[in-house]
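A short worksheet on the structure shown next.
Because only heavy atoms are used, hydrogens play no part in the values below, and waters and symmetry mates are left out as well, while side chains stay in. Here is the naming used below: chain letters follow the sequence lines, and residue numbers restart at 1 for every chain.
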Amino acid sequence: MTVPRILQGLNKQQVEAVTAVEGPVLVLAGPGSGKTRVLTHRIAYLIEEVGIAPQHIMALTFTNKAASQMKSRIGALIFPTEFYMMTVGTFHSICAGILRRRADYTPHFSRDYAIYDTADQLDVVQQVLSALNLDPKKHTPRRMLSQISSAKNEMIGPQQLPVTDYQDEIFQRVYTLYNELLQQSNARDFDDLLLHTVQLFADNANLLARYQDIYHYVLVDEFQDTNMVQYTLLKQLAGARRNLFVVGDSDQSIYAFRGADYRNEKRFREDYPNFRLILLEQNYRSHQTILDTAMGVINKSENPYRIQKVLFSERKEGPRPIIWEAHDEEYEARFVVDTIKELQDQGEYDPGDFAVMYRTHAQSRAIEEAFLRAGMPYRLIGATRFYARREIKDALAYLRLIQNSDDSVSLHRIINVPPRGIGQKTLQDLEDWANSLEVSPAQALMLLEQGETGPFNGRARNALTAFAAQLQEWRQKRDELSPGDLLSMVLRDTNYLAYLDDGTPEGDSRVENVMELYGVAASYEGLGLTTFLEEVALISDVDTTEKTDAVPAPSLLTLHSAKGLEFPVVFLVGLEEGILPHSRSIEEKIEDPTSTALEEERRLLYVGLTRAKDRIYLLYTFRRSFYGGSGMNLPSRFLYDIPPSVREGTPLHPRGQQAVESQRYQDKTRWEQAARQPRAGSGRSRPAQRPTDREPKFKAGMVVWHKTFGEGVVMTSIVRGDIEEVGVLFPGGSGEKTIISDFLSPVDG
DNA sequence: CTGACTAAGTTTTTT
DNA sequence: ACTTAGTCAG
């Protein structure tokens, strides 16, 4: 019997997952174990071998990138005309579509509803706080918002909230008014997209039944990242058929802080007791040494529900991860850049093969500077998002307002941008007046245009009516013009580009960004404004950064954005107490011993480690500056979980208060001593001199690099005949060593 | 209404 | 150190 084409090249567990057609399946997929492969091959298998019609299949992902990747990979596997009938998309986009198409079921929202992102949400919260006369200093909008989001993720409405104290009471009022404002604006936030869909199905059994009749097979990627609402949605969709296929890895759950609920794995096991469990443990990315390193870290996890996976690779051997203590973040960065340079020079790696990962964006600066100084290009991933830029948000706000006249956040955003004589006071009056009439601000604006006077004097009134008339005019063109033409009309009528172009380079780049947006809008010719706005609202920058990687260069990214990626060489920087684990998670653990924040930090390191194919460098610093000040950090506790047999480089201090204190003190004196020495080669251009027989190549105070011991400081150097013996002080307990100069390379100081 | 100053807050962020 | 929101004078 021949193996079907679609199963060829898959391992036993992968085949099992792909061919487990009926019933609930839980796939626990280790990093690099081919989980996307399993998902795509399973879909192809369902269609081609089992004969399931593509329209009966729904696959849900978290990112647009994952969704489009899945689509194109399925397209490559099966006959192309068949597969466009299936539903592959993010949770949010699938829900957004359902809510739009079923708008007749939701009296409070029309099909033109707006989708609010975090910035829009903050605007709403601020409005709420001011309306309730609450001090934004006591109730920071961000905290309020994250509380609202958590409540929504847990499917708790304002009325179901437990109210035991004054704080609860306040929050309940904020939450309630927040929802009311969204509704009045005909707008939903990201959480609402999911929540309202679940509520829609819960309230309309017939409608749900129709969807269940369409989607016989439901597949989910990154299951560990689902929250309560998403899990409920999955249960609804799977219905009585129970053909729910979920793939995830709770060891890579790093979004609990946003509501991802690792207990969903447990819920799944309880709700679908006859589920099939499949473990994907064979890793196709890294060699065994890296896997042993990663398992060393993750197996110390305290997650009681965790099912341990034993990762293995056919690549048995590989370089051990190198731990390295640098003096400060500048040296750390230099180590990274120098090592990249060196590995590249050896010809084994391309510039795009490297990644530098850090816990927080703030850490990227030192690294960037080192790259700049070395004249090497780099790619900064995910720093400023295109769609979060002011000018982009402004331009989109105009379009959103044309689409949905009740969108008060968008109105608020652009009513005086560019300035048209509608100041703070006037706007407040408008909002108050609208409130008193119980209409949206935009509707109040329309009343003015129709001749109402409102509370306004001549000047304010003129400005408002002029804007209202303009808006009215645009709106009439809404259906005749394409998104691109609408945008160019708005830009022309408002003179927006001239407003942006303030002569600074900053202004230039803003204009460019708007033009880029125009390019995107123009590509929606024939698809309509609604589609354009919906997709743009749900697009993140993972997608947009993709096209900027024309030049291969090392990537600089946070550990969070590293998930799902892989690189031959990975640098993990700032592996220090307070950074990874982040001080916030340590504090949280002290306040609340049941806190899982610390565990999430551990998983973050695990994610970073498992990105590497060949080489890992783990760096921490002796001292680090932050927010202007500076301090000494201890090496991350997680480093101690790496088995000594699989690591090399700087030996770690013994942990424990006393030992740490005295070691630190010794380190400090050593570093200081080394620093007092004049640094050879501190001049800018120090061409690599050929050593003459007499003159030592290395001088006291020079910073040098050794393959095994890493960076060190030269203490002495003696030339004996042909050989130069260099005494080098290596930090972190290695002490001073005498090394033949051939094994050392100078590090620019 | 704009520009300049001051104060405060700085984890991560698929959607 | 650095951004950025809020405040106040012009």
Side-chain angles (χ1 to χ4, degrees), chain A residues 60-67 69 89-96 115-119 121-122 126 136-137 140-143 145-146 149 152-153 188-195 221-222 224-227 229-230 252-260 357-363 365-366 381-385 387-388 390 416-427 459-460 463 502 534-543 545 557-565 574 578-588 597 600-601 603-605 607-608 625-630:
Chain A
L60 298 114
T61 67
F62 277 85
T63 66
N64 295 297
K65 192 180 163 194
Q69 215 172 62
T90 66
F91 275 96
H92 290 87
S93 72
I94 287 175
C95 286
I115 298 173
Y116 278 2
D117 69 11
T118 315
Q121 291 177 278
L122 277 174
Q126 255 143 10
K137 293 211 173 80
T140 60
R142 273 184 74 108
R143 248 219 326 278
L145 193 54
S146 89
S149 182
K152 287 188 177 183
N153 286 165
R188 292 181 165 107
D189 63 25
F190 288 138
D191 299 320
D192 286 339
L193 295 177
L194 307 169
L195 189 59
D221 191 16
E222 305 280 18
Q224 78 281 355
D225 290 337
T226 52
N227 61 31
V229 190
Q230 286 158 332
Q252 291 185 68
S253 161
I254 54 174
Y255 285 106
F257 75 96
R258 282 178 44 156
M357 302 176 188
Y358 34 78
R359 175 68 238 266
T360 69
H361 282 298
Q363 290 170 258
R365 232 196 65 194
I381 313 271
T384 33
R385 352 166 121 251
Y387 288 101
R390 174 165 71 80
N416 199 34
V417 176
R420 49 175 73 88
I422 304 172
Q424 200 80 92
K425 173 84 165 61
T426 310
L427 184 56
R459 204 158 112 199
D502 54 2
E534 184 174 302
E535 289 191 13
V536 155
L538 296 175
I539 262 175
S540 80
D541 286 300
V542 189
D543 317 81
T545 49
L557 68 177
T558 63
L559 286 163
H560 282 91
S561 38
K563 198 170 82 167
L565 305 177
I579 297 182
L580 185 78
H582 195 274
S583 48
R584 290 275 248 253
S585 63
I586 300 173
E587 280 161 31
E588 209 174 297
E600 187 149 311
E601 301 285 304
R603 295 193 292 267
L604 214 36
L605 176 58
V607 166
S625 45
F626 46 92
Y627 307 142
S630 84

### Message
What's Gly564(A) touching, base or sugar-phosphate or nothing? Going by heavy atoms closer than 4.0 Å.
### Response
nothing

### Task
Could you check whether Ile422(A) gets within reach of a base, just the sugar-phosphate, or nothing at all, counting any heavy atom under 4.0 Å?
sugar-phosphate

### Message
Using every non-hydrogen atom in the two residues, find where Gln363(A) and Gly574(A) come nearest and quote the distance to one decimal.
### Response
NE2-CA, 3.7 Å

### Query
When you match Lys563(A) and Gly421(A) each to their closest nucleotide on DNA chain B, which lands nearer the 5' end?
Gly421(A)

## Note on the structure
Looking only at heavy atoms, the pair that brings Gly421(A) and Ala463(A) closest together is O-CB, 3.8 Å

### Query
In whole Å, what separates the P atom of dT4(C) from that of dT13(B)?
16 Å

#### Entry: Euclidean distance, atom CZ of residue Arg390(A) to atom P of dA5(C) [Å, nearest integer]
11 Å

### Message
Without decimals, in angstroms, what is the distance between Ile381(A) CD1 and dT13(B) P?
### Response
12 Å

### Query
Rounded to whole angstroms, how far apart are CG on Leu605(A) and P on dT12(B)?
17 Å

### Distance in angstrom units between Leu604(A) CG and dT13(B) C1', rounded
12 Å

### Message
Between P on dT12(B) and CZ on Arg143(A), what's the gap in Å once rounded to a whole number?
### Response
18 Å

### Query
Taking atom P of dT13(B) as reference, at what distance in whole Å does atom CD1 of Ile254(A) sit?
9 Å

### Query
Can the ring centres of Phe257(A) and His582(A) be said to be less than 6.0 Å apart?
no

#### Entry: For Phe91(A), the option from Val229(A), Thr61(A), Thr226(A), Asp225(A) that meets side chain to side chain contact (heavy atoms under 4.5 Å, CB included)
Thr226(A)

### Task
Begin with the C-alpha distance, continue with both residues' side-chain angles, and end with the deciding distance and a verdict on side chain to side chain contact (heavy atoms under 4.5 Å, CB included) for Leu565(A) and Ile381(A).
CA-CA 12 Å; Leu565(A) 305 177; Ile381(A) 313 271; 5.9 Å; no

### Message
Output the rounded distance in Å from CG (Leu557(A)) to C1' (dT13(B)).
### Response
14 Å

### Task
Using salt bridge (Lys or Arg N to Asp or Glu O under 4.0 Å) as the criterion, list what pairs up with Asp191(A), not counting sequence neighbours.
none

### Message
Under 4.0 Å, heavy atoms only, any strand: does Tyr255(A) hit a base, just the sugar-phosphate, or nothing?
### Response
base

#### Entry: Distance below 4.0 Å between Thr558(A) side-chain N/O and dT13(B) OP1 or OP2
yes

Nucleotide N/O of nucleotides 2-11 of chain B paired with protein N/O under 3.5 Å:
from	atom 1	to	atom 2	distance (Å)
dT11(B)	OP1	Arg584(A)	NH1	3.0
dT11(B)	OP1	Arg584(A)	NH2	2.8
dT11(B)	OP2	Tyr627(A)	OH	3.2
dT11(B)	O4'	His582(A)	NE2	3.2
dT11(B)	O2	Arg359(A)	NH1	2.9
dT11(B)	O2	Arg359(A)	NH2	2.5

#### Entry: Whichever of Thr118(A) and Glu600(A) has its nearest DNA chain B nucleotide further upstream toward 5'
Glu600(A)

### Task
Figure out the CG/P separation between Leu122(A) and dG6(C), and round it to whole Å.
11 Å

### Message
Once salt bridge (Lys or Arg N to Asp or Glu O under 4.0 Å) is applied, do any residues pair with Glu601(A), and if so which ones, sequence neighbours excluded?
### Response
Arg359(A)

